[in-house]
Structure formats: structure tokens, C-alpha cells
Amino acid sequence: MSERPRLTVLSGPSGVGKSTVVAHMRKEHPEVWLSVSATTRKPRPGERHGVQYFFVTDEEMDKLIANGELLEWAEFAGNRYGTPRAAVHERLEAGEPVLLEIDLQGARLVRESMPEAQLVFLAPPSWDELVRRLTGRGTEAPEVIERRLAAARIELAAESEFDTTLVNTSVEDVARELLALMNVV
Ligand SMILES: Nc1ncnc2c1ncn2[C@@H]1O[C@H](COP(=O)(O)OP(=O)(O)OP(=O)(O)O)[C@@H](O)[C@H]1O
Ligand SMILES: Nc1nc2c(ncn2[C@@H]2O[C@H](COP(=O)(O)O)[C@@H](O)[C@H]2O)c(=O)[nH]1
């Protein structure tokens, strides 16, 4: 590792492949620490509490927010999501490469509170391919897909706010590029 690791934020429209890229990257490089967010969204089949997310009630999320326990939080497509603050700071202080996979609103908040963070935007090869991926994943009802696509138009329009854009044509290529940006390889 050539430089001190810093916080990296990966954002991009729902269905672009953020989780797929990060999972691929962490298979080879488990030393990259991925923050586990809290969310009020219901678990998808196979998702486990404490692994993909901390699945919390609305009341629990209210408390996390009120107690200042979240580094950032946002409402996205009808659910709330937030990054637990303490774990991120602990890992950064330990010198580990830290990655947040969060939406545009969260990325903007992190930029305000931690201007040294690098913001990476994951873009789809095309709009049609984004729709295919989001629909093909088969995890959301049609009305939820519509909400996520409406958010995607806003997120795509904000690409220039990010330090770097990676286009997710190949999971392997993007994972390699992200590792390089994080100074892990
Ligand atoms: N490069 C790629 N080529 C083809 N399909 C891909 C590629 N990357 C991801 N996918 C597929 O796209 C779908 C969405 O990927 P994924 O769930 O990782 O997206 P995401 O950005 O994490 O979405 P969300 O923000 O909704 O959590 C999945 O079915 C995944 O297998
Ligand atoms: N602002 C935040 N956004 C987050 C966080 N954790 C995840 N996300 C983003 O939410 C959407 C939807 O995720 P899904 O798992 O329901 O498909 C996606 O863009 C995630 O990146 C967070 O802590 N804060």
C-alpha cells in the first residue's frame, strides 16, 4: 500500500452493480472494510441481519438518528438507510481501507463532513442496460422499480459531483480499478 488509506464512497443508480463489484473485490481483498448500513428496508431472500445490513424498525432508526450514531443517513425509494459512525472512524484510525456503498444524498453528506473522502460514481453502460439489470435482479416490485429508476435519473445527472466515474461494463475490470483507486493494489 503506497499511501495512507482514506475513506472511499461508492455510489451509483440502483441496479448498476455496486454490490456485485464490491463482493467480487472483497473475495480477493477481504482487507477492504465495507461499512454495514442500518436500514428500515425489509430483508430480501438470503439477506441476513448484520451481514448485508442491520435491519431495523422505524423506531430504532429514529433513535440512531437522534443519538447521532449515524455518519449520514438518507431516505431512498421509501426506506431509510444510514452509516453507523463509530465503526467507520475506528477502522480509519486503524489504517484500514474503508468503503461505503451509499446513495447520492449520503455521498453529498459525507463530502460535507469528511472532505478528504474520495467519491466514486459507478455508471451503467447505458440506460437500457440499467433497466435490464434492475428488472432482471427480480428483487423489487414494479412500483419500487419505477421509484428506483426515478431516483436513478437524478443520480446520473449528478455524476460530475464525483471525483471519478467507473463504467460497469465488466465486474472484474471495475473491481480492479476500484482497488487501485483505494491504493489496495
Ligand atoms: N457488469 C455487469 N454485467 C452484467 N450484469 C451485472 C453487472 N454488474 C452487476 N450485474 C447484475 O446487475 C444486477 C444488479 O446488481 P447489484 O445488485 O450489484 O446492483 P446495486 O448497484 O448494488 O443495486 P442497489 O443499489 O439496488 O443495491 C444483479 O443482477 C447483478 O448480477
Ligand atoms: N445514504 C445511504 N444510502 C445507502 C446506505 N446503505 C445503502 N444505501 C443505498 O441505498 C440504495 C438502495 O439499497 P438497496 O440495498 O435497498 O438496494 C442503494 O443506492 C444503496 O447504495 C446508507 O447507509 N446510506
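Counting starts at 1 for both ligands and their atoms, following the listed order.
A side-chain N or O of T139 and one of R137 form a donor-acceptor pair less than 3.5 Å apart. Using modelled atom types and a 3.5 Å distance limit, the side chains of S19 and E101 yield a donor-acceptor pair.
In this structure the side chain of I102 never reaches within 4.5 angstrom of the side chain of W73, judged on heavy atoms. Two residues are said to be in side-chain contact when any heavy atoms from C-beta on lie closer than 4.5 Å; V16 and L130 meet this criterion. Residues H24 and V21 fail the side-chain proximity criterion, which asks for heavy atoms closer than 4.5 Å. In this structure the side chain of L100 reaches within 4.5 angstrom of the side chain of T83, judged on heavy atoms.
Put simply, part of R44 is less than 4.0 Å from ligand 2, judged by heavy atoms.
In this pair, F55 and H49 present their aromatic rings tilted. The plane angle is within the 30 to 60° band.
Hydrophobic clustering (ILVMFWY, side-chain heavy atoms < 4.5 Å, transitive): W33 and V9 are in one cluster. Both M114 and F121 belong to a common hydrophobic cluster when Ile, Leu, Val, Met, Phe, Trp and Tyr are linked at side-chain heavy-atom distances under 4.5 angstrom.
Salt bridge status for E129 with R132: present, with a side-chain N to carboxylate O gap under 4.0 Å. Taking a cutoff of 4.0 Å between a charged side-chain nitrogen and a carboxylate oxygen, E140 and R44 qualify as a salt bridge.
Heavy-atom contacts of A74 reach the following atoms of ligand 2: 1 (N) (cutoff under 4.0 Å). The distance from ligand 1 to the heavy atoms of V171 drops below 4.0 Å at these ligand atoms: 1 (N), 2 (C), 7 (C), 8 (N). Proximity to R41 (heavy-atom distance under 4.0 Å) selects the following atoms of ligand 2: 14 (P), 15 (O), 16 (O). Under a 4.0 Å criterion applied to the non-hydrogen atoms of G106, ligand 2 contributes the atoms 1 (N).
Taking the centre and axis of the six-membered ring of W127, the NZ or CZ atom of R153 falls inside the cone set by 45° and 6.0 Å.
Considering backbone and side-chain atoms together, E140 places no N or O closer than 3.5 Å to any N or O of ligand 2. The shortest N or O to N or O distance between L134 and ligand 1 is not under 3.5 Å. Inclusion of R148 in the set of residues having an N or O under 3.5 Å from an N or O of ligand 1 is warranted. Of the polar atoms of G82, at least one N or O is found under 3.5 Å from an N or O of ligand 2, judged by distance alone. Ligand 1 has no nitrogen or oxygen under 3.5 angstrom from a nitrogen or oxygen of G12. Considering backbone and side-chain N/O atoms, S14 never comes within less than 3.5 Å of an N/O atom of ligand 2.
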- [ ] Dump the intermediate steps for side chain to side chain contact (heavy atoms under 4.5 Å, CB included) on V120 and M182, then the final yes or no.
- [x] CA-CA 10 Å; V120 180; M182 295 183 74; over 6 Å; no
- [ ] Check the pair R80 / D62 against salt bridge (Lys or Arg N to Asp or Glu O under 4.0 Å), numbers first and verdict last.
- [x] CA-CA 10 Å; R80 285 183 290 171; D62 287 343; 2.9 Å; yes
- [ ] Run the numbers on L181 and D163 for side chain to side chain contact (heavy atoms under 4.5 Å, CB included), then give the verdict.
- [x] CA-CA 11 Å; L181 286 171; D163 299 309; over 6 Å; no
Task: Test side chain to side chain contact (heavy atoms under 4.5 Å, CB included) applied to E69 and R85, step by step - done: CA-CA 6 Å; E69 289 181 54; R85 184 194 300 278; 5.8 Å; no
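S14 OG, 2.6 Å is the protein heavy atom nearest to atom 26 (O) of ligand 1. The protein heavy-atom contact nearest to atom 23 (O) of ligand 2 is S37 OG, 2.7 Å. With hydrogens left out, the protein atom closest to atom 19 (O) of ligand 1 is G17 N, 3.1 Å, a heavy atom. Here the heavy atom of the protein found nearest to atom 14 (C) of ligand 1 is G15 O, 3.4 Å. The closest protein non-hydrogen atom to atom 24 (N) of ligand 2 is E72 OE2, 2.7 Å. Remark: minimum distance from atom 20 (P) of ligand 1 to any protein heavy atom is reached at K18 N, 3.4 Å. From the protein, the heavy atom lying nearest to atom 7 (C) of ligand 2 is Y53 OH, 3.2 Å. When hydrogens are left out, the protein atom nearest atom 9 (C) of ligand 2 is D103 N, 3.7 Å; that is the closest non-hydrogen contact. Of the protein's non-hydrogen atoms, N168 OD1, 3.0 Å is the one closest to atom 1 (N) of ligand 1.
Proximity annotation for atom 21 (O) of ligand 2: of R108, Q105, E101, E101 comes nearest, heavy atoms only. By heavy-atom distance, the residue among R41, R133, E172 lying nearest atom 11 (C) of ligand 1 is R133. Considering R137, E155, E101, E129 only, the shortest heavy-atom separation from atom 29 (O) of ligand 1 involves R137. Looking at L130, T20, T139, it is T20 that brings a heavy atom closest to atom 9 (C) of ligand 1.
Contacts between T169 and ligand 1, counted as non-hydrogen atom pairs separated by less than 4.0 Å, involve the backbone only. The proximity of Q52 to ligand 2, defined as any non-hydrogen pair under 4.0 Å, does not occur for either the backbone or the side chain. Contacts of F76 with ligand 2, taken as heavy-atom pairs under 4.0 Å, involve the side chain alone. Using a 4.0 Å cut-off between heavy atoms, K18 contacts ligand 2 through its side chain alone, with no backbone atom that close.
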